[in-house]
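Structure, as structure tokens:
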Amino acid sequence: MRSPYFLLVFVLMQISAAYAAPVEVVSGQTTYISGGIGSDEAAEMKSMASRYVLEVVSVVKADPREQYTADYRILIKDATGKTVLDAVSEGPFFLANLPDGNYQVEATQDGVRKSQRTSVKKGAHRRLVFVWPQ
């Protein structure tokens, strides 16, 4: 017969395995993190956003209010058109640190591509929202 302590430890291990915090990825001069699925992870991503120069959020226009969406492609190009980052966001929030400069940020969801231009500078935070049709 197992002790209640063993069962408690087992349950806590299962919970921590189920909640894997988003992991920061390094790609060239860019670091990024994506996630935000579920209310706890979304709150964590929102609290981390100020530490990144760029925040991209993806939502689907729906009634009665917009809903977050995940698994969208992010393509970031610098002012010369060179691809700086090509990644898939695992959640509605995509946070990135890029060198200072001007960028074109493209997001693709279910074959629909949208683009926004932005500039980033260390110490400043930019937030881009991509809204997709339902």
Side-chain angles (χ1 to χ4, degrees):
M1 188 163 178
R2 296 203 160 98
S3 72
Y5 175 74
F6 171 80
L7 291 175
L8 176 62
V9 170
F10 177 77
V11 168
L12 290 174
M13 287 174 56
Q14 296 300 312
I15 290 171
S16 67
Y19 176 73
V23 176
E24 189 172 67
V25 178
V26 177
S27 178
Q29 294 184 335
T30 304
T31 58
Y32 69 91
I33 190 167
S34 67
I37 297 177
S39 58
D40 290 343
E41 194 174 297
E44 181 180 4
M45 294 295 289
K46 288 176 185 178
S47 73
M48 296 170 61
S50 64
R51 291 182 260 169
Y52 292 84
V53 295
L54 179 64
E55 174 184 7
V56 178
V57 181
S58 178
V59 296
V60 172
K61 192 160 189 77
D63 284 330
R65 62 187 183 117
E66 296 169 342
Q67 299 173 354
Y68 290 129
T69 183
D71 300 323
Y72 58 97
R73 181 175 174 230
I74 292 282
L75 182 65
I76 301 176
K77 296 180 181 182
D78 66 14
T80 67
K82 179 183 172 191
T83 298
V84 174
L85 183 68
D86 188 352
V88 174
S89 183
E90 296 175 2
F93 297 94
F94 186 88
L95 309 175
N97 278 323
L98 307 154
D100 291 358
N102 297 312
Y103 296 93
Q104 179 174 324
V105 180
E106 293 180 7
T108 304
Q109 175 81 36
D110 295 330
V112 178
R113 184 176 65 181
K114 294 188 175 193
S115 178
Q116 295 184 43
R117 293 192 181 275
T118 191
S119 60
V120 297
K121 186 174 181 178
K122 187 175 181 171
H125 179 79
R126 294 281 188 192
R127 185 173 199 260
L128 304 178
V129 178
F130 288 93
V131 181
W132 308 99
Q134 188 172 14

* Asked: What's the spacing between Ile74 CD1 and Ser58 OG if we round to 0.5 Å?
  -> 7.5 Å

* Asked: Counting distance only, does the side-chain N/O of Glu55 pair as donor-acceptor with the main-chain N or O of Arg127 below 3.5 Å?
  -> no

* With no hydrogens and no angle check, is any side-chain donor or acceptor of Gln116 less than 3.5 Å from a backbone partner on Val129? -> yes

* side-chain contact (heavy atoms from CB on, under 4.5 Å) partners for Thr80, two or more places apart -> Asp78, Lys82

* Contacts of type side-chain contact (heavy atoms from CB on, under 4.5 Å), residue Lys122, not counting sequence neighbours -> Asp100

* To do: Using salt bridge (charged side-chain N to carboxylate O under 4.0 Å, His left out) as the criterion, list what pairs up with Arg51, not counting sequence neighbours.
  => none

* Could you pull out all residues at least two apart from Val25 that satisfy side-chain contact (heavy atoms from CB on, under 4.5 Å)? => Tyr32

* What residue pairs, at least two apart or across chains, pass ring pair (Phe, Tyr, Trp, His ring centres under 6.0 Å) with a residue in residues 95-134? -> none

* **Ser34: side chain to side chain donor-acceptor pair (under 3.5 Å) partners, not counting sequence neighbours** => none

* Asked: Partners of Gln134 by side-chain contact (heavy atoms from CB on, under 4.5 Å), sequence neighbours excluded?
  -> Val60, Ala62

* Hydrophobic cluster mates of Val88, side-chain heavy atoms under 4.5 angstrom, ILVMFWY only, any path? -> none

* Pairing residues for Phe93 by the ring pair (Phe, Tyr, Trp, His ring centres under 6.0 Å) criterion, not counting sequence neighbours -> Tyr68

* Listed by chain and number, what are the side chain to side chain donor-acceptor pair (under 3.5 Å) partners of Thr118, not counting sequence neighbours? -> none

* Asked: Does the side chain of Glu106 come within less than 4.5 Å of Lys77's, by heavy atoms?
  -> yes

* Asked: With distance as the sole test, does Ser89 use its side chain to make a donor-acceptor pair with the main-chain N or O of Gly91 at under 3.5 Å?
  -> yes

* Structure fact -> For residues 85-98, the salt bridge (Lys or Arg N to Asp or Glu O under 4.0 Å) pairs (sequence neighbours left out) are Arg73-Asp86

* Rounded to the nearest 0.5 Å, how far apart are CD1 of Ile37 and CE of Met45? -> 10.0 Å

* Applying side chain to side chain donor-acceptor pair (under 3.5 Å), name anything that partners Ser119, two or more places apart in sequence or on another chain. => Arg126

